[in-house]
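Before any comments, here is the structure.
Residue numbers start from 1 in every chain, and the chains themselves are labelled A, B, ... in the order their sequence lines are given, proteins ahead of strands. Please read these numbers as outputs of a predicted model, since none were measured by experiment.
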Amino acid sequence: MKSQPEVRVRIAPSPSGYVHVGTARTAIFNYMFARHYGGKFLVRIENTDEERSDPSFIDAILSAMKWLGLEWDEDIIYQADRCDLYRKYVDELVKSGHGYPCFCTPEVLAADREKAKAEKGDMRYNRRCLNLSADEIAVRKTAGEPFVVRLRIPEGECRFDDLVSGELSRSSNDIEDFIVARSDGSATYNLAVVVDDHLMGITHVIRGNDHITNTFKQIHLYRALGFEVPQFGHVPMILRTDKKKVSKRLGDKDVLQYRNEGILPEAMFNYLCLLGWSPKTDREIYSVDELIAMFTPDNFNPSNAVFDEEKLIAFNQEYIAGKSDHDLAVMVAPLLVEAGLTTKYWLETRWDYLRRVIGALKLRARKIVDFVELSSYFFTSDFKYDPEAAAKQFTPENKPLLDALADRFESLESFTAASIEQCLAALAEGKGLKRGKLIHPTRLAVSGRTAGPSLYEMLEILSQPIVVERLRRASAQIDLTNNP
RNA sequence: GACCCCAUCGUCCAGUGGCCUAGGACGGCGCCCUUUCACGGCGCAAACACGGGUUCGACUCCCGUUGGGGUCACCA
(Lines give C-alpha, C1' and ligand atoms only; values in the text may rest on other atoms or scores of the structure.)
Protein backbone atom coordinates (compact mmCIF):
# COMPACT_ATOMS: atom_id res chain seq x y z
CA MET A 1 0.00 0.00 0.00
CA LYS A 2 1.30 3.42 -0.94
CA SER A 3 1.53 5.73 2.02
CA GLN A 4 -0.40 8.92 1.54
CA PRO A 5 1.26 12.15 2.59
CA GLU A 6 -0.47 13.85 5.49
CA VAL A 7 -3.30 16.17 4.48
CA ARG A 8 -2.51 19.77 5.44
CA VAL A 9 -4.99 22.56 4.81
CA ARG A 10 -5.32 26.11 6.03
CA ILE A 11 -7.62 29.05 6.36
CA ALA A 12 -5.90 32.32 5.50
CA PRO A 13 -7.98 35.33 6.48
CA SER A 14 -6.73 38.87 6.22
CA PRO A 15 -7.51 41.00 9.27
CA SER A 16 -8.91 43.82 7.18
CA GLY A 17 -12.53 43.31 8.05
CA TYR A 18 -15.00 41.20 9.88
CA VAL A 19 -15.62 37.49 9.45
CA HIS A 20 -18.64 36.95 7.29
CA VAL A 21 -20.42 33.67 6.76
CA GLY A 22 -18.45 32.95 3.59
CA THR A 23 -15.12 33.00 5.42
CA ALA A 24 -16.61 30.94 8.22
CA ARG A 25 -17.93 28.36 5.80
CA THR A 26 -14.55 28.08 4.06
CA ALA A 27 -12.90 27.61 7.45
CA ILE A 28 -15.42 24.91 8.31
CA PHE A 29 -14.81 23.06 5.03
CA ASN A 30 -11.06 23.12 5.58
CA TYR A 31 -11.48 21.99 9.16
CA MET A 32 -13.72 19.09 8.22
CA PHE A 33 -11.47 18.09 5.36
CA ALA A 34 -8.48 17.94 7.68
CA ARG A 35 -10.35 16.03 10.36
CA HIS A 36 -11.86 13.59 7.90
CA TYR A 37 -8.47 12.61 6.59
CA GLY A 38 -6.71 12.82 9.94
CA GLY A 39 -4.64 15.75 8.73
CA LYS A 40 -3.78 19.19 10.01
CA PHE A 41 -5.84 22.36 9.93
CA LEU A 42 -3.70 25.50 10.05
CA VAL A 43 -4.33 29.20 10.37
CA ARG A 44 -2.39 31.90 8.60
CA ILE A 45 -3.10 35.57 9.12
CA GLU A 46 -2.47 37.57 5.97
CA ASN A 47 -1.63 40.90 7.47
CA THR A 48 0.93 42.25 5.01
CA ASP A 49 -1.16 45.28 4.19
CA GLU A 50 -0.38 47.60 7.08
CA GLU A 51 -2.82 50.19 5.85
CA ARG A 52 -5.82 47.95 6.14
CA SER A 53 -4.86 45.41 8.72
CA ASP A 54 -6.07 46.01 12.23
CA PRO A 55 -4.89 43.78 15.11
CA SER A 56 -8.34 43.93 16.65
CA PHE A 57 -9.68 42.05 13.65
CA ILE A 58 -7.31 39.19 14.41
CA ASP A 59 -8.98 38.72 17.78
CA ALA A 60 -12.38 38.82 16.13
CA ILE A 61 -11.36 36.20 13.59
CA LEU A 62 -9.92 33.86 16.20
CA SER A 63 -12.94 34.34 18.46
CA ALA A 64 -15.24 33.42 15.62
CA MET A 65 -13.21 30.30 14.90
CA LYS A 66 -13.21 29.25 18.53
CA TRP A 67 -16.91 29.90 18.80
CA LEU A 68 -17.51 27.54 15.90
CA GLY A 69 -15.27 24.96 17.51
CA LEU A 70 -12.63 25.13 14.78
CA GLU A 71 -9.50 24.22 16.65
CA TRP A 72 -6.37 24.74 14.63
CA ASP A 73 -3.33 22.55 14.91
CA GLU A 74 -0.02 24.33 14.84
CA ASP A 75 1.16 27.82 15.67
CA ILE A 76 -0.60 30.56 13.78
CA ILE A 77 1.52 31.99 10.97
CA TYR A 78 1.58 35.76 10.60
CA GLN A 79 2.68 36.94 7.19
CA ALA A 80 3.86 40.29 8.47
CA ASP A 81 6.64 38.42 10.29
CA ARG A 82 7.84 36.78 7.13
CA CYS A 83 8.55 39.66 4.76
CA ASP A 84 12.27 38.92 4.55
CA LEU A 85 11.49 35.38 3.57
CA TYR A 86 9.41 36.49 0.63
CA ARG A 87 12.14 38.83 -0.59
CA LYS A 88 14.50 35.89 -0.86
CA TYR A 89 12.17 34.16 -3.27
CA VAL A 90 11.67 37.32 -5.28
CA ASP A 91 15.42 37.48 -5.75
CA GLU A 92 15.42 33.87 -6.79
CA LEU A 93 12.78 34.60 -9.38
CA VAL A 94 14.81 37.45 -10.85
CA LYS A 95 17.98 35.35 -10.89
CA SER A 96 16.30 32.47 -12.66
CA GLY A 97 14.86 34.84 -15.24
CA HIS A 98 11.23 34.17 -14.35
CA GLY A 99 10.95 37.59 -12.79
CA TYR A 100 12.00 40.89 -14.32
CA PRO A 101 12.18 44.48 -13.15
CA CYS A 102 9.58 46.91 -14.43
CA PHE A 103 10.08 50.65 -14.15
CA CYS A 104 6.61 51.70 -15.21
CA THR A 105 5.15 54.06 -12.63
CA PRO A 106 1.62 53.68 -11.30
CA GLU A 107 0.71 56.79 -13.28
CA VAL A 108 1.97 55.30 -16.53
CA LEU A 109 0.14 52.06 -15.84
CA ALA A 110 -3.06 53.87 -15.02
CA ALA A 111 -2.79 55.80 -18.26
CA ASP A 112 -2.24 52.54 -20.17
CA ARG A 113 -5.34 51.10 -18.64
CA GLU A 114 -7.38 54.18 -19.44
CA LYS A 115 -6.30 53.99 -23.03
CA ALA A 116 -7.00 50.29 -23.30
CA LYS A 117 -10.39 50.80 -21.81
CA ALA A 118 -11.22 53.61 -24.21
CA GLU A 119 -10.15 51.52 -27.17
CA LYS A 120 -11.88 48.47 -25.68
CA GLY A 121 -8.55 46.77 -25.98
CA ASP A 122 -6.45 44.52 -23.82
CA MET A 123 -6.32 45.68 -20.21
CA ARG A 124 -3.27 43.60 -19.35
CA TYR A 125 0.19 45.02 -18.74
CA ASN A 126 1.78 45.68 -22.12
CA ARG A 127 5.19 44.23 -21.19
CA ARG A 128 6.97 47.48 -21.91
CA CYS A 129 9.83 46.48 -19.59
CA LEU A 130 10.03 42.80 -20.49
CA ASN A 131 12.99 43.10 -22.82
CA LEU A 132 15.07 45.84 -21.28
CA SER A 133 18.78 45.24 -21.73
CA ALA A 134 20.91 44.38 -18.74
CA ASP A 135 22.74 47.65 -19.25
CA GLU A 136 19.63 49.74 -19.26
CA ILE A 137 18.35 48.01 -16.13
CA ALA A 138 21.65 48.65 -14.38
CA VAL A 139 21.68 52.30 -15.40
CA ARG A 140 18.12 52.97 -14.29
CA LYS A 141 18.64 51.13 -11.02
CA THR A 142 21.77 53.11 -10.15
CA ALA A 143 19.93 56.27 -11.09
CA GLY A 144 17.56 55.36 -8.28
CA GLU A 145 14.55 54.81 -10.48
CA PRO A 146 11.95 52.83 -8.55
CA PHE A 147 10.88 49.50 -9.98
CA VAL A 148 8.67 46.52 -9.25
CA VAL A 149 9.30 42.88 -10.12
CA ARG A 150 6.91 41.11 -12.45
CA LEU A 151 6.54 37.44 -13.21
CA ARG A 152 7.00 36.53 -16.85
CA ILE A 153 4.05 34.33 -17.79
CA PRO A 154 5.14 31.64 -20.26
CA GLU A 155 3.15 31.01 -23.43
CA GLY A 156 0.54 28.30 -23.37
CA GLU A 157 -2.36 27.23 -21.30
CA CYS A 158 -2.55 26.64 -17.59
CA ARG A 159 -4.82 23.88 -16.40
CA PHE A 160 -5.50 22.01 -13.21
CA ASP A 161 -7.98 19.53 -11.84
CA ASP A 162 -10.23 21.26 -9.35
CA LEU A 163 -11.68 19.27 -6.46
CA VAL A 164 -15.04 20.95 -6.97
CA SER A 165 -15.38 21.87 -10.62
CA GLY A 166 -13.14 19.38 -12.39
CA GLU A 167 -10.73 20.56 -15.03
CA LEU A 168 -10.20 24.31 -15.21
CA SER A 169 -7.99 26.13 -17.68
CA ARG A 170 -6.90 29.57 -18.71
CA SER A 171 -4.77 30.74 -21.56
CA SER A 172 -1.60 32.66 -20.78
CA ASN A 173 -2.90 35.29 -23.15
CA ASP A 174 -5.43 36.13 -20.46
CA ILE A 175 -2.94 36.42 -17.63
CA GLU A 176 -0.74 39.45 -17.37
CA ASP A 177 2.79 39.58 -16.04
CA PHE A 178 1.62 40.42 -12.55
CA ILE A 179 3.66 42.17 -9.92
CA VAL A 180 5.31 39.95 -7.33
CA ALA A 181 7.32 42.63 -5.54
CA ARG A 182 6.38 46.27 -5.03
CA SER A 183 8.77 49.17 -5.57
CA ASP A 184 9.60 49.12 -1.84
CA GLY A 185 10.74 45.53 -2.26
CA SER A 186 7.83 43.96 -0.40
CA ALA A 187 6.11 40.91 -1.80
CA THR A 188 2.55 40.98 -3.06
CA TYR A 189 -0.26 38.66 -2.12
CA ASN A 190 0.16 35.91 -4.68
CA LEU A 191 3.86 35.52 -4.05
CA ALA A 192 3.44 35.42 -0.28
CA VAL A 193 0.62 32.91 -0.53
CA VAL A 194 2.58 30.55 -2.72
CA VAL A 195 5.72 30.74 -0.61
CA ASP A 196 3.76 30.18 2.59
CA ASP A 197 1.59 27.40 1.27
CA HIS A 198 4.74 25.66 0.07
CA LEU A 199 6.69 26.21 3.26
CA MET A 200 3.72 25.18 5.40
CA GLY A 201 3.42 21.98 3.41
CA ILE A 202 -0.14 22.70 2.35
CA THR A 203 -1.47 19.80 0.29
CA HIS A 204 -4.97 21.06 -0.49
CA VAL A 205 -6.04 24.66 -0.98
CA ILE A 206 -9.77 24.91 -0.36
CA ARG A 207 -11.09 28.45 -0.82
CA GLY A 208 -13.84 30.47 -2.44
CA ASN A 209 -14.22 30.36 -6.21
CA ASP A 210 -13.53 34.10 -6.32
CA HIS A 211 -9.90 32.95 -6.12
CA ILE A 212 -9.91 30.99 -9.36
CA THR A 213 -8.12 33.72 -11.29
CA ASN A 214 -5.50 33.91 -8.54
CA THR A 215 -5.01 30.19 -8.74
CA PHE A 216 -3.82 30.35 -12.33
CA LYS A 217 -1.32 33.05 -11.40
CA GLN A 218 -0.20 31.06 -8.39
CA ILE A 219 0.33 27.91 -10.41
CA HIS A 220 2.70 29.85 -12.65
CA LEU A 221 4.50 30.97 -9.54
CA TYR A 222 4.74 27.42 -8.17
CA ARG A 223 6.32 26.33 -11.43
CA ALA A 224 8.71 29.28 -11.63
CA LEU A 225 9.83 28.61 -8.07
CA GLY A 226 10.12 24.89 -8.69
CA PHE A 227 7.54 24.04 -5.99
CA GLU A 228 5.17 21.15 -6.10
CA VAL A 229 1.66 22.36 -6.95
CA PRO A 230 -0.98 21.45 -4.35
CA GLN A 231 -4.53 20.32 -5.09
CA PHE A 232 -7.08 23.08 -5.36
CA GLY A 233 -10.75 23.09 -4.51
CA HIS A 234 -12.79 26.19 -5.27
CA VAL A 235 -15.97 26.11 -3.28
CA PRO A 236 -18.96 28.18 -4.35
CA MET A 237 -19.68 31.64 -3.00
CA ILE A 238 -22.29 32.36 -0.42
CA LEU A 239 -24.56 35.08 -1.75
CA ARG A 240 -27.00 37.53 -0.19
CA THR A 241 -30.71 37.15 -0.77
CA ASP A 242 -30.32 39.62 -3.64
CA LYS A 243 -27.63 37.32 -5.09
CA LYS A 244 -24.84 39.79 -4.45
CA LYS A 245 -21.60 38.96 -2.72
CA VAL A 246 -21.81 39.45 1.04
CA SER A 247 -20.43 42.74 2.22
CA LYS A 248 -20.42 44.73 5.39
CA ARG A 249 -21.49 47.83 3.51
CA LEU A 250 -24.73 46.16 2.61
CA GLY A 251 -25.37 45.25 6.22
CA ASP A 252 -24.32 41.62 6.14
CA LYS A 253 -23.58 40.30 9.57
CA ASP A 254 -20.35 39.40 11.22
CA VAL A 255 -20.39 35.80 12.39
CA LEU A 256 -20.00 36.95 15.98
CA GLN A 257 -23.10 39.04 15.56
CA TYR A 258 -25.06 35.85 15.08
CA ARG A 259 -23.60 34.58 18.31
CA ASN A 260 -24.70 37.76 20.07
CA GLU A 261 -28.17 37.37 18.65
CA GLY A 262 -28.49 33.94 20.13
CA ILE A 263 -27.58 31.59 17.34
CA LEU A 264 -25.96 28.39 18.62
CA PRO A 265 -22.55 27.56 17.13
CA GLU A 266 -23.62 24.02 16.33
CA ALA A 267 -26.60 25.36 14.37
CA MET A 268 -24.37 27.71 12.41
CA PHE A 269 -21.83 24.98 11.77
CA ASN A 270 -24.45 22.51 10.62
CA TYR A 271 -26.26 25.01 8.42
CA LEU A 272 -23.10 26.33 6.79
CA CYS A 273 -21.95 22.80 5.98
CA LEU A 274 -24.97 22.34 3.80
CA LEU A 275 -24.16 25.36 1.64
CA GLY A 276 -22.02 24.08 -1.19
CA TRP A 277 -21.70 20.58 0.16
CA SER A 278 -24.22 17.85 0.76
CA PRO A 279 -24.30 14.53 2.58
CA LYS A 280 -26.64 13.43 -0.23
CA THR A 281 -29.26 12.14 2.14
CA ASP A 282 -32.68 13.31 3.20
CA ARG A 283 -31.42 14.28 6.61
CA GLU A 284 -30.08 17.72 7.45
CA ILE A 285 -29.35 17.78 11.16
CA TYR A 286 -26.01 16.18 11.91
CA SER A 287 -23.48 16.45 14.70
CA VAL A 288 -20.02 17.74 13.90
CA ASP A 289 -18.59 14.25 14.25
CA GLU A 290 -21.12 12.83 11.83
CA LEU A 291 -20.35 15.58 9.35
CA ILE A 292 -16.63 14.98 9.61
CA ALA A 293 -17.13 11.28 9.01
CA MET A 294 -19.11 11.99 5.83
CA PHE A 295 -17.05 14.92 4.57
CA THR A 296 -15.49 13.99 1.27
CA PRO A 297 -14.79 16.42 -1.58
CA ASP A 298 -16.80 14.47 -4.12
CA ASN A 299 -19.91 15.80 -2.38
CA PHE A 300 -19.13 19.42 -3.15
CA ASN A 301 -21.65 21.35 -5.18
CA PRO A 302 -20.21 23.82 -7.70
CA SER A 303 -22.99 26.41 -7.81
CA ASN A 304 -23.25 29.47 -5.60
CA ALA A 305 -25.68 29.44 -2.71
CA VAL A 306 -27.91 32.08 -1.17
CA PHE A 307 -27.66 32.40 2.60
CA ASP A 308 -31.14 31.99 4.09
CA GLU A 309 -31.34 33.31 7.62
CA GLU A 310 -34.78 31.81 8.16
CA LYS A 311 -33.42 28.36 7.61
CA LEU A 312 -30.49 29.04 9.90
CA ILE A 313 -33.02 29.97 12.57
CA ALA A 314 -34.96 26.78 11.92
CA PHE A 315 -31.76 24.83 12.55
CA ASN A 316 -31.20 26.91 15.66
CA GLN A 317 -34.66 26.08 16.97
CA GLU A 318 -33.91 22.45 16.46
CA TYR A 319 -30.66 22.69 18.41
CA ILE A 320 -32.30 24.69 21.21
CA ALA A 321 -34.94 21.99 21.55
CA GLY A 322 -32.21 19.40 21.83
CA LYS A 323 -30.28 21.13 24.59
CA SER A 324 -30.81 20.41 28.28
CA ASP A 325 -32.65 22.98 30.39
CA HIS A 326 -29.54 23.38 32.45
CA ASP A 327 -27.25 24.11 29.51
CA LEU A 328 -29.73 26.63 28.17
CA ALA A 329 -30.04 28.22 31.61
CA VAL A 330 -26.27 28.74 31.68
CA MET A 331 -26.54 30.70 28.44
CA VAL A 332 -29.68 32.62 29.35
CA ALA A 333 -28.75 33.63 32.91
CA PRO A 334 -26.28 36.38 31.99
CA LEU A 335 -28.73 37.77 29.45
CA LEU A 336 -31.44 38.09 32.09
CA VAL A 337 -29.05 39.93 34.37
CA GLU A 338 -27.94 42.15 31.54
CA ALA A 339 -31.56 42.98 30.78
CA GLY A 340 -32.02 44.03 34.39
CA LEU A 341 -34.70 41.44 35.03
CA THR A 342 -32.86 39.84 37.92
CA THR A 343 -29.46 39.60 39.55
CA LYS A 344 -26.71 37.08 39.40
CA TYR A 345 -27.18 36.31 43.07
CA TRP A 346 -30.93 35.79 42.76
CA LEU A 347 -30.43 33.30 39.94
CA GLU A 348 -27.66 31.43 41.71
CA THR A 349 -29.87 30.81 44.69
CA ARG A 350 -32.84 29.87 42.53
CA TRP A 351 -31.22 27.90 39.75
CA ASP A 352 -33.96 25.30 39.75
CA TYR A 353 -36.56 28.01 39.15
CA LEU A 354 -34.63 29.27 36.13
CA ARG A 355 -34.37 25.76 34.77
CA ARG A 356 -38.08 25.21 35.03
CA VAL A 357 -38.79 28.53 33.31
CA ILE A 358 -36.45 27.57 30.50
CA GLY A 359 -38.05 24.16 30.23
CA ALA A 360 -41.48 25.72 29.86
CA LEU A 361 -40.29 28.10 27.15
CA LYS A 362 -37.85 25.91 25.26
CA LEU A 363 -40.06 25.03 22.31
CA ARG A 364 -41.06 28.64 21.86
CA ALA A 365 -37.60 30.18 21.44
CA ARG A 366 -36.01 30.60 18.03
CA LYS A 367 -32.83 32.19 19.35
CA ILE A 368 -31.22 32.18 22.77
CA VAL A 369 -31.99 35.87 23.25
CA ASP A 370 -35.69 35.11 22.81
CA PHE A 371 -35.75 33.59 26.28
CA VAL A 372 -35.31 37.04 27.80
CA GLU A 373 -38.39 38.49 26.19
CA LEU A 374 -40.37 35.28 26.61
CA SER A 375 -39.62 34.92 30.31
CA SER A 376 -39.65 38.47 31.67
CA TYR A 377 -42.83 38.07 33.74
CA PHE A 378 -41.24 35.15 35.56
CA PHE A 379 -38.76 37.56 37.05
CA THR A 380 -40.69 40.76 37.55
CA SER A 381 -44.27 41.75 38.34
CA ASP A 382 -43.61 45.08 36.74
CA PHE A 383 -45.21 44.41 33.36
CA LYS A 384 -47.94 46.00 31.27
CA TYR A 385 -51.08 44.19 30.26
CA ASP A 386 -51.55 43.70 26.54
CA PRO A 387 -54.01 46.56 25.91
CA GLU A 388 -56.19 44.79 23.40
CA ALA A 389 -56.47 41.69 25.56
CA ALA A 390 -57.09 43.78 28.69
CA ALA A 391 -60.01 45.52 27.01
CA LYS A 392 -61.46 42.13 26.22
CA GLN A 393 -60.69 40.18 29.40
CA PHE A 394 -60.62 42.72 32.24
CA THR A 395 -64.36 43.34 32.25
CA PRO A 396 -66.70 43.86 35.23
CA GLU A 397 -68.17 40.41 34.53
CA ASN A 398 -64.77 38.79 34.81
CA LYS A 399 -63.78 40.51 38.03
CA PRO A 400 -65.68 38.15 40.33
CA LEU A 401 -64.17 35.23 38.50
CA LEU A 402 -60.64 36.46 39.13
CA ASP A 403 -61.52 37.14 42.76
CA ALA A 404 -62.97 33.68 43.21
CA LEU A 405 -59.97 32.08 41.56
CA ALA A 406 -57.59 34.03 43.75
CA ASP A 407 -59.45 32.88 46.87
CA ARG A 408 -59.53 29.28 45.82
CA PHE A 409 -55.89 29.23 44.75
CA GLU A 410 -54.92 30.79 48.04
CA SER A 411 -56.55 28.03 50.02
CA LEU A 412 -55.02 25.26 47.94
CA GLU A 413 -52.93 22.83 50.00
CA SER A 414 -50.54 21.95 47.24
CA PHE A 415 -49.98 24.22 44.27
CA THR A 416 -49.18 21.94 41.35
CA ALA A 417 -50.23 21.94 37.75
CA ALA A 418 -52.62 19.10 38.49
CA SER A 419 -54.21 20.67 41.56
CA ILE A 420 -54.41 24.04 39.80
CA GLU A 421 -56.16 22.50 36.85
CA GLN A 422 -58.57 20.64 39.10
CA CYS A 423 -59.33 23.78 41.07
CA LEU A 424 -59.91 25.89 37.99
CA ALA A 425 -62.03 23.23 36.38
CA ALA A 426 -64.18 22.95 39.49
CA LEU A 427 -64.79 26.69 39.56
CA ALA A 428 -65.65 26.74 35.88
CA GLU A 429 -68.07 23.90 36.31
CA GLY A 430 -69.66 25.48 39.36
CA LYS A 431 -70.31 28.63 37.40
CA GLY A 432 -71.42 26.72 34.34
CA LEU A 433 -68.61 28.18 32.29
CA LYS A 434 -66.12 26.78 29.85
CA ARG A 435 -62.59 26.68 31.18
CA GLY A 436 -61.35 29.09 28.57
CA LYS A 437 -63.55 31.77 30.16
CA LEU A 438 -61.27 31.53 33.22
CA ILE A 439 -58.04 30.65 31.53
CA HIS A 440 -57.68 33.68 29.30
CA PRO A 441 -58.17 36.41 31.93
CA THR A 442 -55.94 34.45 34.30
CA ARG A 443 -53.13 34.22 31.79
CA LEU A 444 -53.39 37.93 31.15
CA ALA A 445 -53.45 38.69 34.88
CA VAL A 446 -50.30 36.75 35.69
CA SER A 447 -48.25 37.43 32.57
CA GLY A 448 -49.75 40.44 30.86
CA ARG A 449 -49.89 38.39 27.70
CA THR A 450 -52.14 36.24 25.60
CA ALA A 451 -49.55 33.66 24.64
CA GLY A 452 -47.21 31.48 26.59
CA PRO A 453 -46.68 28.04 28.10
CA SER A 454 -49.44 25.83 29.38
CA LEU A 455 -51.29 27.92 31.98
CA TYR A 456 -51.24 25.30 34.73
CA GLU A 457 -47.53 24.68 34.35
CA MET A 458 -46.91 28.40 34.24
CA LEU A 459 -48.85 29.04 37.46
CA GLU A 460 -47.10 26.23 39.26
CA ILE A 461 -43.71 27.66 38.35
CA LEU A 462 -44.70 31.20 39.31
CA SER A 463 -45.79 29.90 42.73
CA GLN A 464 -48.92 30.32 44.80
CA PRO A 465 -48.29 33.70 46.48
CA ILE A 466 -47.23 35.40 43.24
CA VAL A 467 -50.21 34.06 41.35
CA VAL A 468 -52.70 35.08 44.04
CA GLU A 469 -51.13 38.50 44.27
CA ARG A 470 -51.25 39.06 40.52
CA LEU A 471 -54.85 37.90 40.30
CA ARG A 472 -55.87 40.38 43.00
CA ARG A 473 -53.91 43.12 41.32
CA ALA A 474 -55.72 42.45 38.06
CA SER A 475 -59.03 42.50 39.87
CA ALA A 476 -58.17 45.89 41.29
CA GLN A 477 -57.16 47.01 37.85
CA ILE A 478 -60.68 46.26 36.63
CA ASP A 479 -62.12 48.59 39.29
CA LEU A 480 -59.67 51.27 38.32
CA THR A 481 -60.53 51.05 34.66
CA ASN A 482 -64.27 51.10 35.18
CA ASN A 483 -64.53 53.60 38.05
CA PRO A 484 -61.77 56.07 37.52
C1' G B 1 -15.81 44.94 -22.12
C1' A B 2 -12.27 40.50 -21.66
C1' C B 3 -11.58 36.01 -19.15
C1' C B 4 -13.36 32.25 -15.80
C1' C B 5 -17.25 29.75 -13.00
C1' C B 6 -22.36 28.34 -12.46
C1' A B 7 -27.64 27.00 -14.03
C1' U B 8 -33.72 21.51 -10.60
C1' C B 9 -39.52 24.48 -6.44
C1' G B 10 -38.98 31.60 -3.60
C1' U B 11 -34.29 29.46 -0.88
C1' C B 12 -30.80 25.20 0.32
C1' C B 13 -29.98 20.33 -1.33
C1' A B 14 -31.29 14.91 -3.82
C1' G B 15 -31.41 13.16 -8.75
C1' U B 16 -25.59 10.93 -12.07
C1' G B 17 -29.79 8.03 -19.52
C1' G B 18 -35.10 4.54 -18.51
C1' C B 19 -36.79 3.71 -11.01
C1' C B 20 -39.17 11.07 -12.25
C1' U B 21 -46.75 11.71 -13.09
C1' A B 22 -38.79 14.97 -10.24
C1' G B 23 -37.62 13.58 -3.75
C1' G B 24 -36.32 16.13 1.14
C1' A B 25 -35.67 20.66 4.13
C1' C B 26 -36.76 26.04 5.17
C1' G B 27 -40.48 29.42 4.04
C1' G B 28 -45.91 29.85 2.39
C1' C B 29 -51.00 27.94 2.63
C1' G B 30 -54.80 24.53 4.77
C1' C B 31 -56.43 20.86 8.34
C1' C B 32 -55.71 18.15 13.05
C1' C B 33 -53.99 18.37 18.23
C1' U B 34 -54.93 22.41 21.91
C1' U B 35 -56.77 27.24 27.19
C1' U B 36 -53.15 30.68 24.11
C1' C B 37 -48.51 30.71 21.56
C1' A B 38 -45.35 27.16 20.19
C1' C B 39 -44.13 21.89 19.42
C1' G B 40 -45.95 17.76 16.83
C1' G B 41 -48.93 15.21 12.91
C1' C B 42 -51.30 15.26 8.07
C1' G B 43 -51.98 17.56 3.42
C1' C B 44 -51.61 21.42 -0.65
C1' A B 45 -49.24 24.95 -3.96
C1' A B 46 -44.34 25.43 -5.88
C1' A B 47 -38.84 23.79 -10.20
C1' C B 48 -35.79 20.61 -14.44
C1' A B 49 -34.02 28.77 -18.09
C1' C B 50 -34.42 28.43 -23.64
C1' G B 51 -32.98 26.28 -28.46
C1' G B 52 -30.49 22.67 -31.03
C1' G B 53 -28.21 18.01 -31.25
C1' U B 54 -26.54 12.59 -29.38
C1' U B 55 -29.75 8.38 -28.14
C1' C B 56 -34.77 3.55 -28.83
C1' G B 57 -35.12 7.02 -24.56
C1' A B 58 -32.99 12.85 -21.68
C1' C B 59 -33.42 16.77 -15.57
C1' U B 60 -29.28 13.74 -16.44
C1' C B 61 -24.27 13.74 -22.25
C1' C B 62 -22.55 17.66 -26.24
C1' C B 63 -23.09 22.63 -28.56
C1' G B 64 -25.25 27.41 -28.64
C1' U B 65 -28.34 31.30 -26.44
C1' U B 66 -29.97 33.63 -22.20
C1' G B 67 -29.43 34.55 -17.14
C1' G B 68 -26.61 34.87 -12.53
C1' G B 69 -21.88 35.15 -10.15
C1' G B 70 -16.62 36.06 -9.89
C1' U B 71 -11.87 38.25 -11.43
C1' C B 72 -9.44 41.86 -14.10
C1' A B 73 -4.64 47.01 -8.07
C1' C B 74 2.58 48.37 -6.47
C1' C B 75 -5.44 45.02 -1.64
C1' A B 76 -5.75 40.43 0.26
Residues forming a side chain to side chain donor-acceptor pair (under 3.5 Å) with [X], sequence neighbours excluded:
X	answer
D59(A)	none
S303(A)	N301(A)
S14(A)	S16(A)

Review point. Can you name the residues that form a salt bridge (Lys or Arg N to Asp or Glu O under 4.0 Å) with E284(A), not counting sequence neighbours?
Key: K311(A)

Study note, to complete from the structure: E261(A) meets the salt bridge (Lys or Arg N to Asp or Glu O under 4.0 Å) criterion, sequence neighbours left out, with K253(A), K367(A)

Review point. Taking only residues two or more places apart in sequence or in another chain, which ones pass side chain to side chain contact (heavy atoms under 4.5 Å, CB included) with S454(A)?
Key: Y456(A), E457(A)

Practice item. Tell me, please, which residues at least two apart from V164(A) pass side chain to side chain contact (heavy atoms under 4.5 Å, CB included). Key: D162(A), V235(A), F300(A), P302(A)

**Study point:** Protein proximity profile, nucleotides 3-8 of chain B - base contact B, sugar-phosphate-only contact S, no contact -, cut-off 4.0 Å on heavy atoms
**Key:** SSSSS-

Check your understanding: For nucleotides 15-34 of chain B, read 5' to 3', which letter fits each nucleotide if B means a protein heavy atom sits under 4.0 Å from the base, S means only the sugar-phosphate is that close, and - means neither?
Key -> S-------SBBSS-------

Study note, to complete from the structure: Residue pairs meeting side chain to side chain donor-acceptor pair (under 3.5 Å), one or both in residues 425-435 of chain A, sequence neighbours left out, come to E421(A)-R435(A)

Review point. Does any pair with a residue in residues 99-109 of chain A pass side chain to side chain donor-acceptor pair (under 3.5 Å), and if so which ones, sequence neighbours excluded?
Key: Y100(A)-D177(A), T105(A)-E107(A)

Check your understanding: Looking at residues 15-27 of chain A, who's got a heavy atom less than 4.0 Å off RNA chain B?
Key -> none

